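First comes the structure, then the notes that go with it.
None of these values were measured; they are calculated from a predicted model.
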Amino acid sequence: YRKLKDREFDFALVGSMSVRTGVVEVIQALAMLARSGEYRTLCLIGEPDPEAKKIIIDIIKKSGIEAQVKITGRLEYDKVPDEIRRCRIGLIPLLDLKKFRNNMATKQFEYMACGMPIISSDLPPQRIFIEEGLSGRFVKPGDIEALANAMSEMAADTDTCQKMGEYARKKVESEWNAEVMQQLYIKFYKEILG
């Protein structure tokens with residue numbers, strides 16, 4: 001287990017990547033930071049769909065941030081945790097769409113299990129699990145400037161990020177895991193079945 005400050009990439013974005021999942025906004029925020037003289041790195045863990053990939057490659061080239069972004073491409077599922085653990089801060093940049101107001105992002109648990117704080121779009125499902133200032137930070141969905149500011153501030157504050165990541169990891173160990181959830185289901189079914 002490596003401390004966050006010793007990890008290779010500043011940010012991780014894992015999972016499905018399309019225009020509606022906010023990957024374009026992440027690349028735009030990274031480019032915004034680069035224009036202001038801030039060098040930050042990003043690992044896209046997965047393969048963006050063709051439409052999103054074309055857009056993000058274009059932004060990367062036009063912004064001159066090729067050395068700052070790694071796209072892993074499709075990975076075997078058992079390889080994903082190793083890639084996530086190479087990063088300091090997890091991103092959940094979902095746009096404000098009906099689907100994302102109802103579906104929780106599984107990646108939040110993957111990030112937490114790897115001891116990472118999270119920057120997430122402020123949507124109801126993530127509010128259940130991510131605690132502002134304790135395990136992560138929320139930004140308005142689609143707000144590139146707010147995302148860039150949060151990325152800059154969190155990446156610069158390694159001590160706070162380390163504490164947030166440790167808190168997130170403890171929450172996964174104590175609450176947000178299969179064993180605890182199974183016990184809650186058993187209790188629920190015993191109660192309703194009498």
Side-chain angles (χ1 to χ4, degrees), residues 4 10-30 32 42-46 48-49 51-52 55-56 77 80-81 84 87-155 157 160-189 191-192:
L4 293 181
D10 293 300
F11 305 102
L13 177 55
V14 65
S16 299
M17 288 177 249
S18 68
V19 171
R20 64 189 193 151
T21 64
V23 64
V24 172
E25 285 74 9
V26 168
I27 299 298
Q28 290 171 324
L30 195 70
M32 184 181 288
L42 167 69
C43 186
L44 297 177
I45 304 168
D49 74 18
E51 179 189 13
I55 295 167
I56 64 177
Y77 192 73
V80 172
I84 295 173
C87 306
R88 293 185 254 299
I89 300 164
L91 301 174
I92 305 174
L94 301 172
L95 300 181
D96 190 4
L97 302 174
K98 185 177 178 182
K99 172 183 175 164
F100 300 134
R101 292 188 147 271
N102 296 304
N103 296 356
M104 74 176 91
T106 305
K107 65 185 88 193
Q108 67 191 325
F109 303 110
E110 295 171 315
Y111 296 150
M112 289 176 168
C114 291
M116 296 163 62
I118 300 166
I119 299 171
S120 176
S121 293
D122 192 358
L123 295 169
Q126 276 55 257
R127 279 272 178 196
I128 296 168
F129 304 101
I130 300 168
E131 297 171 75
E132 178 75 42
L134 294 175
S135 58
R137 183 165 172 187
F138 292 101
V139 296
K140 182 180 176 186
D143 187 332
I144 297 162
E145 188 172 344
L147 179 59
N149 289 337
M151 290 167 69
S152 176
E153 290 166 13
M154 283 187 69
D157 192 349
T160 299
C161 279
Q162 185 66 43
K163 289 175 188 161
M164 291 171 83
E166 289 169 2
Y167 180 86
R169 172 72 189 195
K170 286 178 184 161
K171 292 296 276 189
V172 168
E173 290 172 351
S174 65
E175 293 179 48
W176 312 123
N177 63 67
E179 292 80 14
V180 171
M181 292 295 114
Q182 288 166 1
Q183 293 307 311
L184 290 173
Y185 278 126
I186 290 168
K187 180 181 175 194
F188 170 75
Y189 284 115
E191 287 174 4
I192 64 167

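- The distance from atom CD1 of I118 to atom CE of M154, rounded to the nearest 0.5 Å, is 8.5 Å.
- Side chain of R169 to backbone of M112: no donor-acceptor contact under 3.5 angstrom is found.
- Contact check for K171 versus S135: no side-chain heavy atoms found under the 4.5 Å cut-off.
- Looking at L44 and M17, their side chains come closer than 4.5 Å, going by heavy atoms from C-beta outward.
- Taken from CG in D49 to OG in S18, the straight-line distance is 5.5 Å, to the nearest 0.5 Å.
- Atoms CD and CG, from E25 and L30 in turn, are 13.5 Å apart once rounded to the nearest 0.5 Å.
- Contact check for M104 versus Q126: side-chain heavy atoms found under the 4.5 Å cut-off.
- The stretch residues 94-105 participates, sequence neighbours left out, in these side chain to side chain donor-acceptor pair (under 3.5 Å) pairs: D96-R101.
- In this structure, the separation between OG1 on T21 and CD1 on I92 is 11.5 Å, given to the nearest 0.5 Å.
- With a 6.0 Å cutoff to the six-membered ring centre and a 45° limit on the axis angle, R127 counts as a cation-pi contact of F138.
- Y111 contributes a side-chain N or O that, together with a main-chain N or O of A12, makes up a donor-acceptor pair within less than 3.5 Å.
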Would you please test E175 and K170 for salt bridge (Lys or Arg N to Asp or Glu O under 4.0 Å) and show each step? CA-CA 8 Å; E175 293 179 48; K170 286 178 184 161; over 6 Å; no

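- To the nearest 0.5 angstrom, M164 atom CE is 10.0 Å from E131 atom CD.
- The shortest distance between side-chain heavy atoms of P141 and L123 falls below 4.5 Å.
- Around atom CD of E145, no more than 12 heavy atoms belonging to other residues, nucleotides or ligands sit under 6.0 Å away.
- Residues Y77 and E110 approach most closely at OH-OE2, 3.1 Å, considering heavy atoms.
- In terms of heavy-atom proximity, I130 sits nearest to S120 at CD1-CB, 3.8 Å.
- Nearest heavy atom pair, residue S121 against residue P93, reads OG-C, 3.1 Å.
- The two residues C43 and C87 have their closest heavy-atom pair at CB-SG, 3.8 Å.
- Between the side chains of Q162 and E166, at least one donor N or O lies within less than 3.5 Å of an accepting N or O.
- Nearest approach of L94 to A105, heavy atoms of both residues: CD1-CB, 4.4 Å.
- Taking CG from L13 and CD1 from I45, the interatomic distance works out to 8.0 Å, rounded to the nearest 0.5 Å.
- Counting heavy-atom neighbours within 6.0 Å of M32 CE, excluding the residue itself, gives a total above 12.
- For the pair K140/D122, no side-chain contact is recorded, criterion being any heavy-atom separation below 4.5 Å from C-beta on.
- Between L91 and L42, the closest side-chain pair of non-hydrogen atoms falls below 4.5 Å.
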Worked check of side chain to side chain contact (heavy atoms under 4.5 Å, CB included) between M116 and L4: CA-CA 8 Å; M116 296 163 62; L4 293 181; 4.3 Å; yes

Using side chain to side chain contact (heavy atoms under 4.5 Å, CB included), reason through I119 and L147 one step at a time and then give a plain yes or no. CA-CA 8 Å; I119 299 171; L147 179 59; 3.9 Å; yes

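- Closest of all the heavy-atom pairs between A146 and V139 is O-CG1, 3.7 Å.
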